[in-house]
Amino acid sequence: MSSKKQIKITKEDLIAIHGKDYPLFEEKIIPNCYCGKCQTPYQSTIVNYEIYLNDLNDIILEGFCAKCGNRIGRYLETGEVPEYLERIKKIKKAKRNPPKIAL
């Protein structure tokens, strides 16, 4: 996937997207990632990750396995969730048109 179609977002943006569901995200997604090196099906925790939104409004986490340090990722299909989609659109718009600071 081309990084040109990805927009880097912050953890605060991720919290805004998930809203009241964010604790579930931390409980279910972060500690349940697949690591090809450890080969433990969705038993690895992703750490030191960066967060992106792609052109389909899905969330991509790119980071490292907490067990072995191997690069891992997690893809979350959020673009089809109406509640998330509205929040994602607002965040994307803000990232494309950042506020101008007067000097």
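These numbers come from a predicted model, not from an experiment.
Note that the OH atom of Tyr84 and the CD1 atom of Ile59 stand 8.0 Å from one another [nearest 0.5 Å]. Atom OG1 of Thr78 sits about 12.0 Å away from atom CD of Glu83, to the nearest 0.5 Å. Once rounded to the nearest 0.5 Å, the distance linking CD1 of Ile17 with CG of Leu85 reads 10.0 Å. The distance from atom NZ of Lys89 to atom CG of Asn57, rounded to the nearest 0.5 Å, is 7.5 Å. Rounded to the nearest 0.5 Å, atoms CD1 (Ile91) and CG (Asp13) are 4.5 Å apart.
For the residue pair Ile88 and Leu53, the shortest heavy atom distance occurs at CG2-CD1, 3.9 Å. Asp58 and Leu76 get closest at one heavy-atom pair: CB-O, 3.2 Å. Residues Gln39 and Gly36 come closest through the heavy atom pair CG-O, 2.9 Å. In terms of heavy atoms, Asn70 sits closest to Cys35 at ND2-SG, 3.7 Å.
No hydrogens or angles considered: a donor-acceptor pair under 3.5 Å links the side chains of Asn54 and Tyr75.
Under the 3.5 Å distance criterion, the side-chain polar atoms of Ser44 are left unmatched by any main-chain donor or acceptor of Ala66. With Arg74 contributing its side chain and Asn32 its backbone, the two residues share a donor-acceptor pair below 3.5 Å.
The 12-atom threshold is not exceeded at CD of Glu77, counting heavy atoms of other residues, nucleotides or ligands nearer than 6.0 Å.
If you chain together hydrophobic residues whose side chains sit under 4.5 Å apart, Val47 and Leu61 never meet in one group. Transitive grouping of hydrophobic side chains (ILVMFWY, heavy atoms separated by less than 4.5 Å) keeps Ile60 and Phe64 in distinct clusters.
Residues Phe25 and Leu14 meet the side-chain proximity criterion, which asks for heavy atoms closer than 4.5 Å. Residues Tyr34 and Gln43 fail the side-chain proximity criterion, which asks for heavy atoms closer than 4.5 Å. Residues Gln6 and Glu50 form no side-chain contact, since every pair of their non-hydrogen atoms from C-beta on lies 4.5 Å or further apart. No side-chain heavy atom of Lys67 sits less than 4.5 Å from a side-chain heavy atom of Lys37. Proximity of Thr45 to Ile30: side-chain heavy atoms (C-beta onward) are separated by under 4.5 Å at one or more points. Side-chain atoms of His18 and Leu24, non-hydrogen and from C-beta on, never get closer than 4.5 Å to each other.
Between Lys90 and Glu86 there is no salt bridge, since none of the side-chain N atoms of the basic residue sits less than 4.0 Å from a carboxylate O of the acidic one. Salt-bridge formation is detected for the pair Lys11/Glu26: a Lys NZ or Arg NE/NH1/NH2 atom is positioned less than 4.0 Å from an Asp or Glu carboxylate oxygen.
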